[in-house]
Amino acid sequence: MIGKITYEQVEELLKILSVSSNGVREFASKYNGDDNISLKAKKVLNFCNDLDKYISNLSAKVILNKDADKIIQELKSKNN
């Protein structure tokens with residue numbers, strides 16, 4: 001749990017963000033060759049790249065926190 005948000009809720013949010021990023025990326029890629037819109041499409045694709053990095057980073061943090069919670073629980077049970 002991260003604050004009041006469960007790991008499952010964060011993972012669900014990450015899935016939604018990933019699907020959304022892929023959808024926006026597909027849409028922007030269609031306009032990537034057009035000169036008038038090419039610069040804007042590149043900016044959108046750069047945003048998608050940044051969003052993908054955020055998703056990857058947050059996913060790693062969720063895994064790390066889950067593992068840390070397991071270790072903490074094991075230590076607490078050994079001390080009792």
Side-chain angles (χ1 to χ4, degrees):
M1 186 170 211
I2 303 171
K4 293 183 179 183
I5 302 173
T6 65
Y7 293 124
E8 291 76 20
Q9 290 171 321
V10 174
E11 289 168 340
E12 186 62 31
L13 174 64
L14 291 173
K15 287 179 191 174
I16 292 168
L17 286 174
S18 182
V19 169
S20 298
S21 177
N22 289 336
V24 171
R25 185 182 304 281
E26 285 180 30
F27 182 76
S29 293
K30 291 179 184 178
Y31 294 99
N32 205 14
D34 187 356
D35 288 336
N36 288 337
I37 241 170
S38 182
L39 182 60
K40 292 177 183 177
K42 286 180 185 177
K43 288 181 180 181
V44 171
L45 291 172
N46 285 338
F47 171 76
C48 289
N49 289 337
D50 290 341
L51 184 58
D52 291 342
K53 290 175 190 175
Y54 175 76
I55 291 167
S56 177
N57 187 357
L58 191 54
S59 294
K61 288 185 185 284
V62 167
I63 292 168
L64 179 67
N65 284 334
K66 278 183 174 182
D67 290 344
D69 284 349
K70 288 177 188 176
I71 292 170
I72 290 169
Q73 288 301 325
E74 287 179 27
L75 290 172
K76 283 182 180 179
S77 67
K78 288 182 180 181
N79 286 334
N80 289 334

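Connectivity analysis of hydrophobic side chains (ILVMFWY, heavy atoms under 4.5 Å, direct or indirect) links Ile63 to nothing; its cluster partners are none. Other residues sharing a hydrophobic cluster with Val44 under the 4.5 Å side-chain heavy-atom criterion for ILVMFWY residues are Val24. In the hydrophobic clustering, where aliphatic and aromatic side chains (Ile, Leu, Val, Met, Phe, Trp, Tyr) are joined below 4.5 Å either directly or transitively, Leu75 groups with Ile71.
Remark: Asn79 pairs with no residue by the side chain to side chain contact (heavy atoms under 4.5 Å, CB included) rule, at least two apart or across chains. For the side chain to side chain contact (heavy atoms under 4.5 Å, CB included) test, residues two or more places apart in sequence or in another chain that qualify with Ile55 are Leu14, Leu17, Ser18, Leu51, Asp52, Ser59. Scanning for side chain to side chain contact (heavy atoms under 4.5 Å, CB included) contacts around Asn49 gives Arg25, Asn46, with sequence neighbours left out. Residues satisfying the side chain to side chain contact (heavy atoms under 4.5 Å, CB included) criterion with Ile16, sequence neighbours excluded, are Glu12, Ser20. The salt bridge (charged side-chain N to carboxylate O under 4.0 Å, His left out) check on Lys43 picks up nothing, with sequence neighbours excluded. Phe27 meets the ring pair (Phe, Tyr, Trp, His ring centres under 6.0 Å) test with Tyr31; sequence neighbours excluded.
Scanning all heavy atoms of the two residues, the minimum distance from Ala41 to Ala28 falls at CB-O, 3.7 Å. Across all non-hydrogen atoms, the minimal contact from Lys66 to Glu11 is NZ-OE2, 2.7 Å.
Within the model, atoms OG of Ser21 and CD of Glu26 stand 10.0 Å from one another, a figure rounded to the nearest 0.5 Å. Between atom NZ of residue Lys78 and atom NZ of residue Lys76 there is a gap of 15.0 Å, rounded to the nearest 0.5 Å.
Leu58 and Leu64 end up in different hydrophobic clusters when Ile, Leu, Val, Met, Phe, Trp and Tyr side chains are linked at under 4.5 Å.
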